[in-house]
Structures are given as structure tokens and as C-alpha cells.
Amino acid sequence: MKLLLTFFQRFLRHRRNLILGVLCVPLAQGADVGISLLIKDSLRAAREGETEGAPWGVLAIIGALALGHCVMKFFQRWLIVVVSRRFEVELKQQLFDKLTSLTFAFHNRSRSGDVVSRVTSDVENLRMFLGPGLMYTLGAIVIVPLALGVLFVHHGWLTLTMILPMIAMGGIMRALTPGLHKRSTAVQESLADISHRAQENFGGIRVVKGYNREDQQAGRFARTSEENRDNQIALGRARGWTHAAVNGSFDLTFVVILIVGGLAAVKSTLPLEDLFLFIDLTIKVFWPLIALGWILGMYPRAIASAERVTELLAEQPEIQDAPDAIEWSEPRGELQFDDVSFAYGETHPKALQNISVTAPAGSTLGVVGPTGSGKTTLLNLIGRMFEPEGTLRLDGHDVRELTLSSLRGALGYVPQDSFLFSLPYHENIRFGADRELSEAEVVALIERASMTDEVADFPHGMNQLVGERGVSLSGGQRQRTCIARALARDPKVLILDDCVSAVDTETEQKLLGSLRAAGEGRTVVVAAHRLSTVMNADTILVLTEDGRVEAIGTHDELVASDGWYASTWEQQQRRESLRGESPGGTSSGGPA
């Protein structure tokens, strides 16, 4: 309950609407009870033969109370539910902000389906409990004592017999709540499993179809759905007992009224209008109690959701600004790795070991090595996507001393997976810029990325929707688009992670020439498997399979030495010759 109170404090940010909505509740319930009392008095007057005066006055008052009841009901729902919707928007935004602030380490160990479930269904459970749940609870708190007080004034002993089923209902609900909590948590977790499996298969649909694994994946999804079905049935069974307790108490109360009150009415010790009042107010009391039973059934799900959401909000980024972090506004781009090492976990072997290399401002650093040698890891360390051992400096400052915004603001990053958003093509390029780009600037960026002809062939040109993850583009087109996006922010340090692996050699040479022109005045760090990509770099860092430095030098120096670079260069040139492609390219200076 303490967790839910923490979330309820968010409601208090909207005090005005919340207070007005709460005030509407007793007014609505009071008008409802007033109608019952007026009808009871009218029945008494008719029984006693009081025919003086027309009934129009009473009907007018009843009509006014009914109208007031409807208006107050509308506004209590309007005001309180609107607050719950604002709560939902604010909480989802906070969760989204939290998720974007968390490091790669968190996202690597978290399932995307589970994260999505917390942001959607868990937040909805909290909204329903704290919004409509509050409204129905307040209604029950007002109508129950008010109606029972009115009935007790008329006939205390009959009222006391009515209270007994209500007490029994409360005891049953208390006994059922722990089981509801357990089953609600299981349902939330199984829903997260379904979301994760569906998202994973839809995102990898090309792999699923390519390996003809549709039936296999459908079977796995079916088993996950069956597990969720079993959990839902168990929860439904538990909630069924809850509803049975509420409705059973409701029916038992009528049995008491009809037996005890009916016999009293037959013996003329209980006027018929009073019997009507008991029946009418019992109905008005139990409908809020039935809603309260629904809320109590939802309470365990709200608790489970609160725990899951709180767990996510409690996550702290492993990489944060230092208290005295520097806002570096004019970076030059000099990078220095000083005895840098990194491992993805305490039990994992080191991906990088004792890396020391310097890239002067405006120079190009190439990073090569066998698959798994740590090239991508090294590039990720520059923007503090992970925290390394040793020291990594930008312009002489340890990157830990700089604010993350100023550090990452100086970088343009082209990742290996070439991710694009489901937006028009030009919006994907504009995503990288810190300011609004003109159409001419976007066209220039497209030309730099050697995408002019392809974009011209799109049915809608730059307005072409590229599809989720850029599915409508080829691998090479996605890579070049990511390059244009990185150049859009005019970074002082351009990081290219094997960004031309999906293009042919001719396109590669054209693109690299464009990048050399774009790289003037900026530091470029480029990792590649194809050595022709880095042959023009000022410095080339060669890594071993276990993440150590094998050699550092220029292309000519490394080719002349006896090592991995020379042998790999020879093999790649031989393959290109056999394919009939032009080898190597020129050895003119400049960025890769």
C-alpha cells in the first residue's frame, strides 16, 4: 500500500481538479439518497390519504435532485478521470526519460517486451486503480454510512441485520487478497513474455522466414500464450470468488430484508414505505460495494504493477555526470587512449586490454582486427556508452570530467547496425542535427553520402517513408543514410563503425572520397573489416583476437611489416583481383 501512496502523491499535483471532483461525490450521493426519501414520504402520504395539494411540487423537487445527481456524476467522472489520464501521461514520460538515460548495460540485460509491458499495461493498471478506483471508493465511503445512518434512524434492528453480510464480505475479501496478488504478478509477467516474444519475432521476421521457422516460432508463441492463459484463468478464478463474495452478500442482504422486513410489514409493524426505503437504499449501497469489490480485485494487480514500475524508476544510470563535470563547449577533437581496458562483466574476459593510442585533432584513426577483437567496444568507449578502466581523454580532459551532453554533443556516431526510424527519409537525416536544417543542406548531406541517385529514384523522393528500422532500404543505403545523419550535426569527432561493409568497392571509394572532404577539420575514428576503408588513415590501430594492441602505424608501415594487417591486406587484394574489382585505391592523405 505504501507504494500506491507514493504514486497517489502524483495525483496531488492536480489539486484543483481533484478537489472539485471529490466534492462532486457527496453531492451526487446526497441527491440520490434525497430522491429515495422524497419517494418514501410520498408513499407515506398516499397511504395516509393526504391528498391536499398537487404532487407537481414533489415531482419538481425529485426532478431537480435527479438532474443534480446526473450533473455531479458527470463532473466527478470528468474531473477525477482526467487527473488519472494526466497521471498516466506524466508517468509514461518519466519512464521513457528514465529508459533513455539508462546505459547500454541495462538495455543489454533487459527484454524489450518486459520494458514495453511496464510502460503500457502496468501504468494502465495504476491509472485504473488510482483514478476510477478512487472515484468508486469515495462513492462507497459516502453512500454506505449515509444510507445506513438513514436506515438506522428508521429501524435500527433491521439495519443491524443488514450489516452482518457486509462484515462477512469484508472478511472474505481480506482472505482472498494475498492469492489475488500472487496471481496478478504472474499474469503481468506472462504478458511481458508475450510482448517480448512477439516483438522479437516481428523484428526478426526476415530471419524467421529465411530459415523457414514460422511453425517453430508459432509453437513457441502458443506455449507462451498458453502459460498466460493458465495464469489468467487462475486470476479469473480468484477474482470470481471475490465477485461471488460481493454478490452473495448482496443477495443475502435482500433475503434478510425480505424475510425480517416482509414479516414486519405483514404484521403492520413496518410501514410499506419504509420497506421500500430499505430495498431502494440497499440497492444504492451495494452497487458501490460491488464496484468496491472490483477495485479490491484490481488492488493486487495495481500492487504488482507498482512494484514493477518502481523497480524500473529505481534503476540508476551506471554512467552519470560527475558533480563537478565540465561543459566543454569548444572541443578540438584530440583523442588519447591511455592504458584502456574493458570487460562486459566481472565474470567475462576482457574485451579490450591495455590500449594506448593517440589521435591528434583533425586526424584519422583506423581500427582494425579480427572479428571479436573489440573494435566496436573501443568506439563505444569514446562516448562513454560504457565505463572503461584506464583513461580516455578528449582534448586533454578525462571524458569522466566532461558532461555527457557536451561529450556526446561533440560526436557523430554511425553504428554498425544502421538503425533508421520509421519516418520520411529526410527526417532520418535531420534527426542527427542540433538545429533545423534547410532543404539545401539535406540535399548536400545526401550527396556526401553518395545517395543522390537512389533518393531521386524513390517514389516520393526525400519524403519517402523508409519503414520500421529502414526495412525498405538496402543494407548499403541504410549505412550511407546513417553517415549523412552523423554529418548533419557537424561533429568534431566522427565515429564510423564498419559503415561501408554493405557497399561495393566502387561505391566505397566514391563514398570515402566524399568523407575525406567532409572530414577536413574533424577527427575521424573508423573501424572496419575491409582494410581499404582505413588505408588512408593517419594512424591505424591493429587489435588482436583478445583485444590487445598488435601494431600501430600507417598503411605503408603495416603492409611492410610481418603481421595480421599485411597478410589480411594481401588476401583481400587477391579476392578483389579475382572478382575483377579495382584494388586498394589511392594512397593520398586525409581521413578514411
Side-chain angles (χ1 to χ4, degrees), residues 89-90 92-101 321 325-333 361-362 379 382-385 394-395 402-415 417-473 476-497 499 511 514-526 591:
V89 170
E90 292 171 356
K92 284 182 176 180
Q93 186 63 53
Q94 184 179 1
L95 287 170
F96 184 85
D97 293 343
K98 170 64 71 172
L99 288 168
T100 55
S101 72
D321 287 339
I326 302 170
E327 188 73 28
W328 194 238
S329 57
E330 297 182 359
R332 294 179 291 107
L379 268 56
I382 299 174
R384 287 189 71 195
M385 301 303 176
L394 173 64
D395 297 339
L402 305 177
T403 62
L404 289 172
S405 60
S406 63
L407 172 63
R408 294 173 182 172
L411 309 179
Y413 182 53
V414 182
D417 60 358
S418 304
F419 180 90
L420 296 178
F421 295 93
S422 182
L423 293 170
Y425 185 82
H426 68 91
E427 289 293 340
N428 272 283
I429 294 177
R430 285 189 163 98
F431 179 85
D434 296 324
R435 59 180 179 82
E436 186 63 31
L437 297 180
S438 67
E439 184 174 340
E441 288 175 311
V442 174
V443 170
L445 289 167
I446 292 173
E447 185 176 358
R448 280 186 177 181
S450 302
M451 279 291 294
T452 302
D453 293 339
E454 285 93 333
V455 173
D457 290 337
F458 291 163
H460 302 289
M462 291 193 303
N463 294 316
Q464 179 72 29
L465 188 67
V466 300
E468 188 174 3
R469 302 181 68 88
V471 68
S472 62
L473 304 182
Q477 289 172 336
R478 287 198 299 271
Q479 286 184 334
R480 284 176 282 162
T481 303
C482 289
I483 292 172
R485 180 174 64 192
L487 293 174
R489 73 186 316 168
D490 192 24
K492 294 303 295 183
V493 179
L494 181 61
I495 302 173
L496 308 173
D497 189 0
C499 63
L511 180 58
S514 179
L515 285 176
R516 279 193 286 273
E520 293 180 0
R522 74 177 93 242
T523 305
V524 179
V525 182
V526 53

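Put simply, the side chain of R489 never gets that close to the backbone of D434: no donor and acceptor are under 3.5 Å apart. A distance-only check finds a donor-acceptor pair linking the side chain of R480 to the backbone of S450 [under 3.5 Å]. Side-chain atoms of D395 come within 3.5 Å of backbone N or O of G333 as a donor-acceptor pair. A donor-acceptor pair under 3.5 Å is absent between the side-chain atoms of N463 and the main chain of P424, judged by distance alone. Between the side chain of R408 and the backbone N or O of R384 there is at least one donor-acceptor pair closer than 3.5 Å. Between the side chain of R430 and the main chain of L437, a donor-acceptor pair closer than 3.5 Å is present.
Interatomic distance, CG of L99 versus CD of Q94, reported as 10.5 Å (0.5 Å rounding). Remark: M451 CE to M462 CE distance equals 12.0 Å, nearest 0.5 Å. Once rounded to the nearest 0.5 Å, the distance linking CG of L465 with CG of L423 reads 7.5 Å. The distance from the CG atom of L411 to the CD1 atom of I495 is 4.5 Å, given to the nearest 0.5 Å. Atom CD of E327 and atom CG of L404 lie 10.0 Å apart (nearest 0.5 Å). Separation of atoms CD (Q93) and CG (D97) is listed at 4.5 Å; rounding is to 0.5 Å.
The number of heavy-atom neighbours closer than 6.0 Å to CZ of F431, taken from other residues, nucleotides and ligands shown, is 12 or below.
Taking 4.5 Å as the limit, some side-chain heavy atom of F458 sits within range of a side-chain heavy atom of L473. Between V414 and Q479, every side-chain heavy-atom pair lies at or beyond the 4.5 Å cut-off. Side-chain contact check for R522 versus D490: some heavy-atom pair is nearer than 4.5 Å. When side chains are defined from C-beta on, Y425 does not count as touching E454, because their heavy atoms never get closer than 4.5 Å.
Residues A488 and G432 come closest through the heavy atom pair CB-C, 4.3 Å. Here the shortest heavy-atom pairing between L496 and L379 reads O-CD2, 3.6 Å. In this structure, P491 and A410 approach most closely via the heavy-atom pair CB-O, 3.6 Å. The two atoms that bring V466 and F421 nearest to each other are CG2-O, 3.1 Å, heavy atoms only.
Checked against I326 for a side chain to side chain contact (heavy atoms under 4.5 Å, CB included), the options L407, D321, L402, T403 give a single hit: L402. I429 pairs in a side chain to side chain contact (heavy atoms under 4.5 Å, CB included) with only one of the listed residues (I446, L420, V443), which is I446.
A donor-acceptor pair shorter than 3.5 Å cannot be found between the side chains of T452 and E447.
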